[in-house]
Amino acid sequence: MIERQSAIQRRLADEGLSFSDLVDGTRRELAQRHLADPRLTLTDIGYLLGYSDQSTFFRASNRWFGESPGEYRTRVMNGHRQDKALARGA
C-alpha cells in the first residue's frame, strides 16, 4: 500500500499537483454546483464539502471566489457567473 501511495504522489508531483490540490479543486467545483441550488442551505453545503465548521467553508469560498458563499450564491442567482477572483486577476 505504501508503494502505491508513493507512486501516486510521484505522479501527482510530476504534474505539479498534490493530493490536497485535488481535494481543494474538487471542493471548489462542488461548491459552485451546490451554491447554485437554492434548496441547499449554506450549512448543508459546508457539511457536504466536508468542512467541520462554517468558518472554514467561508475562508475557502473567499479564497476560491473572492467573496462569501452567500455573496457568491446571490451573484450566481442574479445571472453573473464570472468569479470575482478571476475578474480581478487573482
Side-chain angles (χ1 to χ4, degrees):
M1 182 72 153
I2 291 178
E3 287 180 30
R4 240 177 161 174
Q5 288 175 339
S6 296
I8 292 170
Q9 288 174 339
R10 258 193 318 278
R11 283 186 172 172
L12 288 171
D14 289 346
E15 297 293 326
L17 296 170
S18 68
F19 181 74
S20 60
D21 292 334
L22 293 176
V23 170
D24 191 59
T26 301
R27 282 178 165 167
R28 183 183 193 278
E29 289 176 25
L30 288 171
Q32 287 176 304
R33 280 192 213 152
H34 293 326
L35 288 166
D37 184 347
R39 297 172 298 175
L40 295 172
T41 67
L42 298 180
T43 301
D44 291 339
I45 295 168
Y47 174 78
L48 289 170
L49 296 176
Y51 291 108
S52 58
D53 60 74
Q54 288 299 299
S55 64
T56 309
F57 173 40
F58 275 63
R59 282 193 305 276
S61 176
N62 277 307
R63 185 169 34 84
W64 296 327
F65 311 124
E67 58 197 342
S68 73
E71 291 167 333
Y72 179 86
R73 171 177 267 174
T74 299
R75 192 169 45 76
V76 167
M77 293 299 183
N78 290 328
H80 304 284
R81 295 262 178 209
Q82 186 179 16
D83 294 343
K84 279 188 171 183
L86 291 175
R88 64 173 197 259

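From a predicted model like this one, the values you see are computed outputs, not experimental measurements.
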> Can you check whether R59 reaches T56 side chain to side chain, under 4.5 Å on heavy atoms?
Replying inline: yes
> Minimum heavy-atom separation for F19 to L12, with atom names?
Replying inline: N-CD1, 3.8 Å
> Can W64 and D24 be said to form a side chain to side chain contact (heavy atoms under 4.5 Å, CB included), step by step?
Replying inline: CA-CA 9 Å; W64 296 327; D24 191 59; 3.2 Å; yes
>> If we ignore hydrogens and angles and just use 3.5 Å, is the side chain of S61 paired with the main-chain N or O of E67 as donor and acceptor?
In response: yes
> When you look at D44 and R39, which way does the salt bridge (charged side-chain N to carboxylate O under 4.0 Å, His left out) test go after all the steps?
Replying inline: CA-CA 10 Å; D44 291 339; R39 297 172 298 175; over 6 Å; no
> Is there a side-chain contact between E71 and V76 (heavy atoms, below 4.5 Å)?
Replying inline: no
>> Could you see if F57 belongs to whatever hydrophobic cluster contains L30? Use Ile, Leu, Val, Met, Phe, Trp, Tyr and a side-chain cutoff under 4.5 Å.
In response: yes
> More than 12 non-hydrogen atoms from neighbouring residues, nucleotides or ligands closer than 6.0 Å to OH on Y47, yes or no?
Replying inline: no
> Is M77 reachable from L35 through a run of I, L, V, M, F, W or Y residues, each pair having side-chain heavy atoms under 4.5 Å apart?
Replying inline: no
> Does one side chain, of S20 or S18, offer a donor that lies under 3.5 Å from an acceptor on the other?
Replying inline: yes
>> Whether the side chain of R73 engages the backbone of D37 through a donor-acceptor N/O pair (distance < 3.5 Å, no angle test) should be reported.
In response: yes
> Looking at L42 and P69, what are the two nearest heavy atoms and their distance?
Replying inline: CD2-CB, 3.8 Å
>> To the nearest 0.5 Å, what is the distance between CZ on R33 and CG on L48?
In response: 12.5 Å
>> I want to check something: taking the side chain as every heavy atom from C-beta on, are R27 and Y51 in contact at a cut-off of under 4.5 Å?
In response: yes
